[in-house]
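Okay, so here's the structure we're looking at.
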Amino acid sequence: MAEHKYNFDEIIDRKGTYSYKWDLMKDPEVLPLWVADMDFKAAPAIYEAVNKLAKQGCYGYGVATKEYYDAIINFHKRHYGQHVEKEWISISTAIVPALTAILQALSLPGDEVILQTPAYNCFFGCIKNSGCVLAENKIIYKDGKFSLDLDNLEELAGHEKARFLLLCNPHNPSGRLWTKEELLSIIAIAKKHNLIVISDEIHCDIRPNGSVFHALTTLDESFNDRIITMRSGSKTFNIAGLKNAYVFTQNQEFHNRIDRQFNINEINDLPPFGIAATVAAYNECDDWIVELNDYIQDNYKLLVKFFKENFPKVKVASLESTYLAWVDCSCFKMSGTEIKNTLLKKGKLYVNDGEMYMSPYPSFLRINLGCPKAYLEEALKRFKTALA
């Protein structure tokens with residue numbers, strides 16, 4: 001058995017730390033396995049970089065230096081064979097405001113944005129706030145597996161006002177790691193109908209070791225001038241609170257318009273802590289990702305074992321990526337919202353319901369596995385108490 005360098009079992013008390021995950025609920029006994037941040041301490045290199053700045057005592061404005069851009073460029077090349085140039089990159093405080101700004105920069109009122117549902121809930125607000133219209137490409141759910149509805153995607157792409165495909169790659173919340181063949185099919189449809197593809201690849205580092213993630217810009221270079229990639233180290237390294245994200249496109253016109261809109265929306269000033277954390281994460285923490293992914297998969301196996309032994313009719317989707325389990329609880333004959341509320345009321349356990357992700361299938365829950373094993377074990381006890 002390989003020796004572990006990092007302690008993901010460590011319990012960190014996050015209550016009273018202005019934590020959205022832990023302090024939103026007024027009841028201190030509630031165990032939160034909902035919003036997508038992890039309960040693991042940042043990798044030592046990140047912790048040291050941030051604390052070095054903190055000890056200095058001057059907390060002024062930040063600037064993205066060559067070291068920052070080089071860290072991004074080298075990380076993408078090293079992990080995914082993905083070519084990125086500094087001139088393609090636009091920086092933002094976070095992915096959600098970046099997406100809104102991208103749509104504002106490139107759309108006309110009423111333009112349609114195709115999105116596979118269920119989908120990350122903030123995407124719906126981004127589309128609406130940009131004056132665009134959601135076009136749902138519902139993911140097919142059959143025999144416990146999720147797949148793309150390419151026929152429907154083709155139909156939606158043919159609409160007169162269809163302009164964007166917002167692709168979540170890997171997919172949140174289903175956990176799908178799209179295959180090369182699936183992505184090439186998406187590109188073919190987008191190319192045929194001249195769509196702009198916005199590829200959210202924020203979860204791509206979190207997946208079983210040995211699995212393969214295909215960055216969209218590595219598949220068909222002839223289409224790359226229609227692709228905008230959104231990325232951040234926030235999910236992988238649990239640094240969302242330090243505010244750092246970036247997007248890149250080789251299309252110079254897109255890049256210029258996005259840069260201008262980021263400036264108009266005033267979202268392109270990064271804090272020094274976010275810059276320092278990203279540089280440390282991308283330059284020094286490859287081995288931390290490996291151990292994190294093994295730990296997440298162990299938690300996933302524990303979850304599957306629990307349901308198999310206690311609620312065999314509950315179906316857990318295969319966790320091909322992300323640390324977010326997508327669980328079919330239709331056997332309880334309640335909506336996802338009703339199940340969530342029951343767990344909160346009777347078990348003091350807080351998870352997400354599928355309805356908030358516009359799930360086309362009833363009674364799903366999203367459960368955050370980015371936590372120490374002891375938290376997950378306690379959560380499963382509470383689940384059993386509440387729904388036995």
Side-chain angles (χ1 to χ4, degrees), residues 4-25 30-51 94-96 120-122 168 170-173 175 177 200-209 211 213 231-245 273-274 277-278 280-282 284-303 319-327 349-352 365-380:
H4 295 298
K5 185 177 178 181
Y6 305 106
N7 181 17
F8 293 100
D9 287 325
E10 181 182 358
I11 301 297
I12 300 168
D13 185 3
R14 299 179 64 191
K15 296 172 186 172
T17 62
Y18 314 106
S19 165
Y20 184 54
K21 184 178 186 179
W22 284 87
D23 291 331
L24 185 69
M25 304 300 292
V30 169
L31 179 58
L33 266 63
W34 64 297
V35 68
D37 76 16
M38 299 187 287
D39 293 308
F40 305 130
K41 183 178 287 186
I46 299 171
Y47 185 82
E48 289 166 12
V50 170
N51 275 274
I95 288 294
V96 171
Y120 175 48
N121 55 298
C122 290
C168 198
H171 188 260
N172 171 21
L177 184 65
D200 170 23
E201 301 182 358
I202 196 170
H203 287 280
C204 68
D205 307 318
I206 306 170
R207 51 192 164 77
N209 290 311
S211 63
F213 165 74
R231 281 285 268 122
S232 171
S234 60
K235 297 301 180 202
T236 306
F237 300 102
N238 204 32
I239 53 175
L242 298 180
K243 294 299 176 188
N244 182 274
F273 292 102
T278 299
Y282 279 4
E284 303 179 58
C285 299
D286 287 2
D287 59 346
W288 192 86
I289 301 174
V290 173
E291 287 198 23
L292 169 71
N293 283 329
D294 281 343
Y295 197 91
I296 295 298
Q297 286 299 310
D298 285 345
N299 273 353
Y300 170 70
K301 291 170 186 173
L302 176 64
L303 183 80
L319 192 67
E320 299 174 358
S321 60
T322 82
Y323 50 77
L324 305 164
W326 190 233
V327 184
L349 174 62
Y350 193 18
V351 299
N352 292 122
L365 299 177
R366 196 187 77 166
I367 302 175
N368 187 337
L369 301 178
C371 62
K373 180 182 177 182
Y375 281 174
L376 181 57
E377 289 175 334
E378 174 61 26
L380 297 178

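We number each residue from 1, following the sequence as shown.
In this structure, the side chains of Y20 and W34 come closer than 4.5 Å at one or more pairs of heavy atoms. No side-chain heavy atom of Y375 sits less than 4.5 Å from a side-chain heavy atom of L380. Between L376 and L369 the shortest side-chain heavy-atom distance falls below 4.5 Å. Looking at heavy atoms from C-beta onward, Y295 lies in side-chain contact with D9 at the 4.5 angstrom threshold.
Using the six-membered ring where Trp is involved, W288 and F8 have ring planes that are tilted, between 30° and 60° apart. Using the six-membered ring where Trp is involved, Y323 and H203 have ring planes that are perpendicular, over 60° apart on the 30 and 60° scheme.
Looking at residues two or more places apart in sequence or on another chain, you find no salt bridge (charged side-chain N to carboxylate O under 4.0 Å, His left out) involving D298. Listed by chain and number, the residues in a side chain to side chain contact (heavy atoms under 4.5 Å, CB included) with Q297 are P208, Y300, L319 (sequence neighbours excluded).
Going from atom CG of N172 over to atom OG1 of T322 covers 6.0 Å, rounded to the nearest 0.5 Å. Separating the CG atom in N368 from the CE atom in M38 is a distance of 8.5 Å, to the nearest 0.5 Å. To the nearest 0.5 Å, the span separating CZ on R231 from SG on C204 amounts to 3.5 Å.
More than 12 heavy-atom neighbours from other residues, nucleotides or ligands sit within 6.0 angstrom of NZ on K21.
Here the closest heavy-atom approach between residue A280 and residue C285 is recorded as O-SG, 3.6 Å. Scanning both residues, L177 and P170, for their nearest heavy atoms gives CD1-CG, 3.7 Å.
Contacts classified as side-chain hydrogen bond (donor to acceptor under 3.5 Å, both in side chains) and involving residues 233-242 (residues at least two apart or in different chains) are given here: D205-T236, S232-S234.
Looking only at atom types and distance, the side chain of D287 has a donor-acceptor partner in the side chain of Y6 under 3.5 Å away.
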